[in-house]
Undergrad: 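What follows is a structure written as structure tokens; I'll ask about it next.
In this text the structure is predicted, and so the values were computed from the model without any measurement. All heavy atoms count here, side chains included; hydrogens, waters and symmetry mates do not. Order of the sequence lines fixes the chain letters, A, B, ..., with proteins taken first and strands second; residue numbering starts at 1 for each chain.
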Amino acid sequence: MSDGALLEVSELAVAFGDLRAVRGVSLTVEKGQTLAIVGESGSGKSITSLAVMGLLPAQAKVVGGGITLDGVSLLDLAPDELRRLRGEELAMIFQDPLSALNPSLTVGYQIAEMFRRRRGASRAAANERAVEAMAEVGIPDAAGRARSYPHEFSGGMRQRIMIAMALALEPRLLIADEPTTALDVTVQAQILRLLRERQRAGLAMIIISHDLGVVARTAQSVIVMYAGQAVESGTVAEVYDAPAHPYTLGLMAASPSARTSRRGIRPIDGNPPDQAALPTGCAFHPRCPFARERCRTETPPLRRLPSGRASACHFAEEVLAHDRTAGA
Amino acid sequence: MIHYLVRRLAQSVLLLFGAITIVFLVLRVIPGDPAALILGSQATQADLAAKRAELGLGDPLLLQYVRHLGDVVRLDFGDSWRLGGDAFAAVIDRLPATITLAGFALGFTLALGFPLGVYAARHKGKLADRAVSYFSLTGQALPAFWVGIMLVLIFSRTLNLLPATADGSAVALVLPAFTLALPFLGWLARLVRNGTLEELGRDYVRTARAKGLSERVVFNIHVLRNTLTPVVTVLGLILGHFIADAVIIEQVFAWPGIGSLMIESIQNRDYAVAEAAIILIAVFYIGLNLLVDLLYFALDPRVTLETV
């Protein structure tokens with residue numbers, strides 16, 4: 001299926017002053033494939049994706065690692081060169097489409113802007129393209145609605161507008177940061193269907209979510225992040241079938257699904273760690289049911305397991321075996 | 001929309017009514033006999049009594065008040081004993097000078113305050129930002145009459161660059177208009193600075209950047225568009241303040257507007273003119289506030305009937 005890497009992030013480290021928000025994260029997005037990044041808020045998943053876009057907040061800085069898009073190192077590009085890639089090659093949609101859209105400009109203007117400013121289209125031609133783009137994402141009466149403002153749409157319609165805008169110039173990679181979190185369930189399904197249509201047309205995606213159901217329906221592979229690090233990676237099928245990290249195991253038990261309904265939802269004990277005072281050794285050990293003395297002192301590296309997946313747990317094999325017996 | 005308009009209009013009328021009432025009461029409380037004022041010190045007791053009766057000063061206060069209200073609605077404030085003719089006409093005669101002054105001051109405020117605010121926002125925390133902040137605070141803290149006198153001393157007396165008083169030339173506007181504008185200029189600069197910084201932190205700015213728009217477009221179109229709304233609405237308020245503050249500034253620069261006329265009239269107990277001037281200023285103030293509210297509709301698409 002895959003025909004080479006589109007995006008490669010290696011050992012990425014992002015710091016807010018002295019705080020390390022992302023601590024050595026590596027990930028690969030194959031052409032036309034979708035990678036999910038899963039984790040609690042504060043795990044560094046959004047910061048990782050903003051670093052890829054070159055849109056980190058002013059206080060944050062990439063302090064290590066590399067990001068390459070189709071072999072081009074994004075971190076070595078001049079700001080203006082990176083800017084030109086945004087919209088054209090890389091695009092992003094956000095959790096709350098109401099605040100992500102400009103309240104004082106019509107949605108038609110905001111979409112048409114892509115064609116006018118980025119492609120030099122005339123105002124009339126750009127408006128026409130914008131209406132087409134709105135119709136394509138399923139907005140009824142697109143020509144009439146193009147003159148409306150963001151607040152005049154429902155949440156689902158606004159997210160469709162965001163998608164139309166992000167995909168206007170046919171980028172190759174779309175980063176979707178919690179694209180359905182703010183929407184109700186039926187609308188959520190419609191938005192996911194829309195994204196899947198685009199995937200089939202060859203769009204590669206990074207989908208950031210804490211909703212394992214959304215991940216299962218959109219992504220081929222998954223990275224689980226905890227406290228700024230990847231703790232597990234693999235294909236969605238493998239990871240869902242049998243997590244190889246206690247944190248993933250906890251996430252699965254804590255989210256409602258057919259799998260957990262029989263056993264009930266169990267939240268993970270404790271809270272995500274304070275980034276300024278991370279536990280020694282494995283950052284997850286204070287909350288981990290598998291933790292031993294070794295976890296307190298020795299940081300587990302993300303290591304390959306026989307099946308080609310990876311886990312950052314000293315006792316990954318034991319976790320795998322545990323889950324097989326518990327799930328049976 | 002119509003409903004809202006009617007409600008706002010009714011509120012404005014009520015406010016105006018309040019202003020007229022207060023002015024009426026204050027002028028009745030001030031010591032001094034209008035009849036004696038009009039007739040002068042040579043008048044006999046009989047003359048005075050006749051004049052008082054003519055003016056209805058012996059009537060109950062309520063009756064005087066109702067009669068007065070009718071007069072105000074017909075814009076009949078009586079005659080100016082000092083200037084001779086109709087008091088309201090005398091005020092209207094001075095109106096263009098005040099409007100010109102306020103208009104120029106507004107021009108100064110906008111032309112300097114807006115760019116200063118944007119500049120400070122773009123250099124947040126740096127020297128330029130702090131300089132604008134100090135300038136703004138100083139401008140607001142200094143009393144206008146003192147600033148006016150200092151500007152006259154520097155630019156008219158010492159440097160001999162600008163005329164100190166109205167001499168019919170356009171440059172004569174510079175000092176009074178700037179003095180009038182100074183506190184509001186600094187105020188606007190801070191408003192624009194803070195508004196711009198707030199807008200810059202909003203999610204839609206990140207979206208605009210994610211679209212690959214240049215920083216110039218992100219700022220000039222996406223951010224400024226949202227900064228502009230509150231600015232335009234305060235401009236109406238500022239203009240209202242200008243017309244009210246002109247009372248002091250016109251006095252300092254001997255500017256022949258409503259303000260100086262009002263002070264001359266009060267000093268000479270020419271209450272008809274003073275009252276006409278005060279009511280006209282109140283009308284401007286209330287009218288501009290109403291206009292500001294209506295502008296909100298035009299500028300911010302989110303403001304609908306439900307949100308006001």
Undergrad: So which atom in B:Ala181 and which in B:Ala105 form the shortest heavy-atom distance, rounded to 0.1 Å?
TA: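 So the minimum-distance heavy-atom pair works out to CB-O, 3.4 Å.
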
Undergrad: Minimum heavy-atom separation for A:Ile207 to A:Pro179, with atom names?
TA: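 Shortest heavy-atom separation between A:Ile207 and A:Pro179 comes out as CD1-CG, 4.0 Å.
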
Undergrad: Let me know if A:Leu50 has heavy atoms under 4.5 Å from chain B in its side chain, its backbone, both or neither.
TA: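 Contact with chain B: side chain only.
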
Undergrad: At a 4.5 Å cut-off on heavy atoms, which part of A:Gln110 comes close to chain B: side chain, backbone, both, or neither?
TA: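 Both parts, backbone and side chain.
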
Undergrad: Mark yes when over 12 heavy atoms from residues, nucleotides or ligands other than B:Gln11 sit less than 6.0 Å from its CD; otherwise mark no.
TA: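 Enclosed.
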
Undergrad: For residues B:Pro230 and B:Asn226, report the shortest heavy-atom separation together with the two atoms involved.
TA: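 It is CD-O, 3.4 Å.
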
Undergrad: How long is the gap from CG on A:Asp177 to CD1 on A:Ile208, to the nearest 0.5 Å?
TA: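 Interatomic distance, A:Asp177 CG to A:Ile208 CD1, rounded to 0.5 Å: 4.0 Å.
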
Undergrad: Do the side chains of A:Arg172 and A:Glu88 get close enough for a salt bridge, i.e. N-O under 4.0 angstrom?
TA: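 Judged by the 4.0 Å cut-off on N to carboxylate O distance, A:Arg172 and A:Glu88 do not form a salt bridge.
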
Undergrad: Closest approach of A:Ala204 and A:Gly32, non-hydrogen atoms and distance?
TA: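 Taking every non-hydrogen atom into account, CB-N, 3.6 Å.
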
Undergrad: Please report the shortest heavy-atom distance between A:Ile47 and A:Leu56, naming the atom on each side.
TA: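 Taking A:Ile47 first and A:Leu56 second, the nearest heavy atoms are O-CD2, 3.6 Å.
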
Undergrad: Does atom CZ (B:Phe104) have a neighbourhood of more than 12 heavy atoms from anything else shown, all under 6.0 Å?
TA: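 Open.
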
Undergrad: Are more than 12 heavy atoms from other residues, nucleotides or ligands located less than 6.0 Å from atom CZ of A:Phe16?
TA: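 Counting neighbours around CZ of A:Phe16, more than 12 heavy atoms of other residues, nucleotides or ligands fall under 6.0 Å, so yes.
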
Undergrad: Starting at CG of B:Leu116, measure out to CG of B:Leu185 and round the result to the nearest 0.5 Å.
TA: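 These two atoms lie 6.5 Å from each other.
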
Undergrad: Using only non-hydrogen atoms and a strict under-4.5 angstrom cutoff, which residues of residues 113-138 of chain A touch chain B?
TA: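 So far as heavy atoms go, A:Glu113, A:Met114, A:Arg117, A:Arg118 are the residues that approach chain B to under 4.5 Å.
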
Undergrad: Measure across A:Leu35 and A:Thr28 and return the closest heavy-atom pair with its distance rounded to 0.1 Å.
TA: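 Minimum heavy-atom separation between A:Leu35 and A:Thr28: CD2-O, 4.1 Å.
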
Undergrad: Under the criterion side chain to side chain contact (heavy atoms under 4.5 Å, CB included), which of B:Ile278, B:Ile281, B:Thr98, B:Ile258 is the partner of B:Val91?
TA: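 For B:Val91, the side chain to side chain contact (heavy atoms under 4.5 Å, CB included) test succeeds with only one of B:Ile278, B:Ile281, B:Thr98, B:Ile258, which is B:Ile258.
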
Undergrad: Name all pairs fulfilling the ring pair (Phe, Tyr, Trp, His ring centres under 6.0 Å) condition that reach into residues 174-203 of chain B, sequence neighbours left out, sorted by first residue then second.
TA: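 Listed by first then second residue: B:Phe108-B:Phe178, B:Phe184-B:His241, B:Phe184-B:Phe242.
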
Undergrad: Given that the side chain runs from C-beta out, which part of B:Arg206 has a heavy atom under 4.5 Å from chain A: side chain, backbone, both or neither?
TA: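 Contact with chain A involves both backbone and side-chain atoms of B:Arg206.
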
Undergrad: Identify the residues of residues 65-87 of chain A whose heavy atoms come closer than 4.5 Å to a heavy atom of chain B, ordered by number, or report 'none'.
TA: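 Residues in range: A:Arg83, A:Arg86, A:Gly87.
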
Undergrad: What residues of residues 213-224 of chain B sit under 4.5 Å from chain A when you count only heavy atoms?
TA: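 Residues of residues 213-224 of chain B touching chain A at under 4.5 Å: B:Leu213, B:Ser214, B:Val217, B:Ile221, B:His222.
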
